[in-house]
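See below for the structure under consideration.
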Amino acid sequence: MMAHENHFASREARMKASEIRELLKLLDQPDIISFAGGIPDANLFPADAFKAAYGKVLDGQMQAASLQYSPSEGHRGLREWLVGEMAAIGIECSTDNIVITSGSQQALDYLGKLYLSPADTALVTWPTYLGALQAFNAYEPSYDRLDPMGNRSADDYRKTASERGGAVKFAYMSANFSNPTGQTMTAAERNRILDLADELDIAVIEDGAYQSLRYDGEAIAPILAMEIERKGHIDQCRTVYCGSFSKTLAPGLRIGWVCAAKDIVARMVILKQAGDLHTSTINQMVMNEVARDGFAGQVARVRETYSKRRDHMLAALQRYMPKSVSWTRPEGGMFVWVTLPEGMDGARLLEAAISKARVAFVPGQAFFADGSGANTLRLSFSCASEAMIDEGIKRLSGLIASR
């Protein structure tokens with residue numbers, strides 16, 4: 001038999017299965033209380049609106065276009081709508097600054113391909129979104145810790161990257177309600193990232209997947225909006241903003257977008273042409289119809305539900321968790337990040353939690369580029385009822401207290 005692994009490219013060794021995707025299989029077990037999947041509640045999807053939109057685009061003059069190939073840049077109507085949405089959060093742009101992708105995950109993959117050569121360095125937060133590490137890993141980079149308010153100089157980052165055989169190429173972060181910590185970068189931290197990027201002459205990749213899911217606190221301008229204010233025009237900016245409909249309308253259609261300077265978008269389009277030609281035409285047209293008719297109302301509905309679940313989880317953690325455990329208090333998003341006592345292993349805790357308490361979560365180590373953070377875990381509150389949250393946190397807390 002052919003030993004297939006002997007013929008794979010070197011990058012294959014860095015491609016690993018997502019622990020989160022594997023944990024989602026637990027959702028099929030009805031007695032598991034799951035805080036694992038960072039997925040939206042399917043009961044909140046505007047199913048009737050999507051059903052009506054599919055009927056509309058498959059009828060009359062729209063039918064032929066919906067089933068045909070379409071431009072790699074994306075459906076013009078959807079991009080025009082997104083121009084208005086970007087302006088609402090301080091990002092002035094045109095349709096030439098937007099390319100539609102098959103979810104923001106594809107955008108991260110394309111950006112890794114665009115910027116990273118083997119041994120180049122990506123600056124990422126510690127911890128960071130696991131999906132970003134998976135996307136970038138295929139391009140064989142090194143990782144260095146992005147700490148906006150730390151005391152490391154640009155020269156130090158540059159020197160470390162050179163010693164590893166490459167150059168610093170970009171800084172990646174989720175500035176609002178990040179996955180996995182739920183934390184939000186301050187305005188000072190965002191400005192410091194821009195300062196560092198200018199000093200290093202690197203790109204900034206801003207993951208805006210949770211931009212719309214703020215429940216309290218004051219909104220902070222996206223990093224791209226701050227850079228436009230500094231430099232006068234989006235085409236003068238180095239920040240690449242990645243957006244998604246997955247957390248607001250529905251993830252199944254796989255519609256995301258990139259908003260950036262025209263020359264970056266033009267190169268993304270070339271990658272798109274080589275990758276999948278274009279994102280599903282009919283799904284883009286349907287998303288355009290649904291977003292135009294009800295995006296604001298849907299976002300308000302999602303915020304109301306998730307904010308209550310977040311509050312309930314924070315209250316349950318306060319009520320049941322041992323004093324040796326700490327956690328974040330997110331202003332939005334879907335996640336609470338828990339730090340266990342030093343020496344306690346989140347992966348081993350998960351094994352016991354599933355077998356003894358029938359509770360699932362994601363061990364935190366997977367979110368660290370260097371494999372640290374064993375004593376951390378991520379809890380998602382988006383898909384759990386208040387009763388499930390209370391019971392699940394009570395069980396998990398008792399298990400932790402007993403160890």
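D345 places no side-chain N or O within 3.5 Å of a backbone atom of A374 that could act as its donor or acceptor partner. One N or O on the side chain of T328 and one on the backbone of T181 form a donor-acceptor pair closer than 3.5 Å. Looking at Q298, its side chain does come within 3.5 Å of a backbone N or O of T248 through a donor-acceptor pair. Side-chain N or O atoms of S178 include none that pairs as donor or acceptor with a backbone N or O of A175 at under 3.5 Å. The backbone N or O of G37 lies less than 3.5 Å from a partner atom in the side chain of S380, making a donor-acceptor pair. One N or O on the side chain of R329 and one on the backbone of W327 form a donor-acceptor pair closer than 3.5 Å. Remark: side-chain polar atoms of E189 are paired, donor with acceptor, to backbone N or O of T186 under 3.5 angstrom. Counting only distance, with no hydrogens or angles, the side chain of D390 and the backbone of A387 share no donor-acceptor pair below 3.5 Å. Using a distance-only test at 3.5 Å, with no hydrogens or angles considered, a donor-acceptor pair links the side chain of R309 to the main chain of S382. Side-chain N or O atoms of R301 include none that pairs as donor or acceptor with a backbone N or O of P46 at under 3.5 Å.
If you take OH on Y157 and CG on L196, they are separated by 6.0 Å, rounding to the nearest 0.5 Å. Of the inter-residue distances, the one linking I228 atom CD1 with I223 atom CD1 reads 12.5 Å to the nearest 0.5 angstrom. Between R358 atom CZ and R395 atom CZ the span is 9.0 Å, to the nearest 0.5 Å. Distance check: H312 NE2 to L317 CG gives 10.5 Å after rounding to the nearest 0.5 Å. Summarising the geometry, atom CZ belonging to R378 is positioned 12.0 Å from atom CZ belonging to F361; distances are rounded to the nearest 0.5 Å. Rounding to the nearest 0.5 Å gives a distance of 8.5 Å between CH2 of W81 and CE of M86.
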As a quick check of understanding, evaluate side chain to side chain contact (heavy atoms under 4.5 Å, CB included) for I202 and L123, giving each step before the final call.
CA-CA 10 Å; I202 60 171; L123 305 183; 4.1 Å; yes
Criterion side-chain hydrogen bond (donor to acceptor under 3.5 Å, both in side chains) on D155 and S153, from CA distance to verdict:
CA-CA 5 Å; D155 284 340; S153 67; 5.2 Å; no
Please determine whether side-chain hydrogen bond (donor to acceptor under 3.5 Å, both in side chains) holds for the pair T281 and S66, giving the CA-CA distance in whole Å, both sets of side-chain angles, and the decisive distance to 0.1 Å.
CA-CA 6 Å; T281 307; S66 71; over 6 Å; no
Please lay out, stage by stage, how F245 and F295 fare under the test side chain to side chain contact (heavy atoms under 4.5 Å, CB included).
CA-CA 10 Å; F245 288 105; F295 183 76; 4.2 Å; yes
With side chain to side chain contact (heavy atoms under 4.5 Å, CB included) as the test, would you mind laying out the steps for M226 and R230 before giving the verdict?
CA-CA 6 Å; M226 291 180 168; R230 287 186 179 198; 5.7 Å; no
Should R254 and T101 be marked as a side-chain hydrogen bond (donor to acceptor under 3.5 Å, both in side chains) after you check the CA-CA gap, both sets of side-chain angles, and the distance that decides it?
CA-CA 8 Å; R254 307 308 302 132; T101 58; over 6 Å; no
For side chain to side chain contact (heavy atoms under 4.5 Å, CB included), just list the numbers for L67 and L58, CA-CA rounded to whole Å, side-chain angles, deciding distance to a tenth of an Å, and then say yes or no.
CA-CA 8 Å; L67 298 175; L58 284 171; 3.9 Å; yes
Pair T305-D41, side-chain hydrogen bond (donor to acceptor under 3.5 Å, both in side chains): steps then yes or no
CA-CA 9 Å; T305 300; D41 186 342; over 6 Å; no
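In this structure the side chain of D144 never reaches within 4.5 angstrom of the side chain of V168, judged on heavy atoms. Two residues are said to be in side-chain contact when any heavy atoms from C-beta on lie closer than 4.5 Å; Q365 and P363 fail this criterion. Inter-residue side-chain proximity for T279 and K272 is flagged as met; some heavy-atom pair is nearer than 4.5 Å. Side chains of I39 and M334 form no contact here, defined as non-hydrogen atoms less than 4.5 Å apart. Taking 4.5 Å as the limit, some side-chain heavy atom of I89 sits within range of a side-chain heavy atom of Y241. You'll find the side chain of P141 stays beyond 4.5 Å of the side chain of R164, heavy atoms only. Within the 4.5 Å cutoff, side-chain heavy atoms of Y306 are placed close to those of F381. Contact of the P341 side chain with the V325 side chain is registered, since non-hydrogen atoms from C-beta on lie closer than 4.5 Å.
Taking both residues in full, the closest heavy atoms of C242 and V258 are given as SG-CG2, 4.3 Å, listed atom of the first, atom of the second, then distance. Of all heavy-atom pairs spanning C237 and I264, the tightest one is O-CD1, 4.5 Å. Here the shortest heavy-atom pairing between V269 and S72 reads CG1-CB, 3.8 Å. Residues F50 and V290 approach most closely at CD2-CG2, 3.6 Å, considering heavy atoms. Nearest heavy atom pair, residue D109 against residue Y139, reads OD1-OH, 2.7 Å. Of all non-hydrogen atoms in S104 and S244, the two that sit nearest each other are OG-CB, 3.9 Å.
In E163, the CD atom is crowded: over 12 heavy atoms of neighbouring residues, nucleotides or ligands sit closer than 6.0 Å. Within 6.0 Å of CZ on R348 lie no more than 12 heavy atoms contributed by other residues, nucleotides or ligands. Within a 6.0 Å sphere centred on CD of E199, heavy atoms belonging to other residues, nucleotides or ligands number more than 12. Residue K56 qualifies as open at atom NZ: its count of foreign heavy atoms under 6.0 Å is 12 or below. Crowding of R303 atom CZ: a count of heavy atoms from other residues, nucleotides or ligands under 6.0 Å exceeding 12. Within 6.0 Å of atom CG in N151, 12 or fewer heavy atoms from other residues, nucleotides or ligands are found, so the atom counts as exposed in its surroundings.
Remark: E227 does not engage R190 in a salt bridge, criterion side-chain N to carboxylate O under 4.0 Å. Between R145 and D370 there is no salt bridge, since no side-chain nitrogen of the basic residue lies less than 4.0 Å from a carboxylate oxygen of the acidic one. Between D201 and R158, no side-chain nitrogen of the basic residue sits less than 4.0 Å from a carboxylate oxygen of the acidic one, so the salt-bridge criterion is not met. Contact check on D216 versus R310 returns a salt bridge, with a Lys/Arg side-chain nitrogen under 4.0 Å from an Asp/Glu carboxylate oxygen.
Ring geometry, Y172 versus F136: the interplanar angle exceeds 60°, so the pair is classed perpendicular (tilted spans 30 to 60°).
Counting only residues at least two apart or on different chains, the ring-ring contact (aromatic ring centres under 6.0 Å, His included) pairs with a member in residues 190-225 are Y210-F335.
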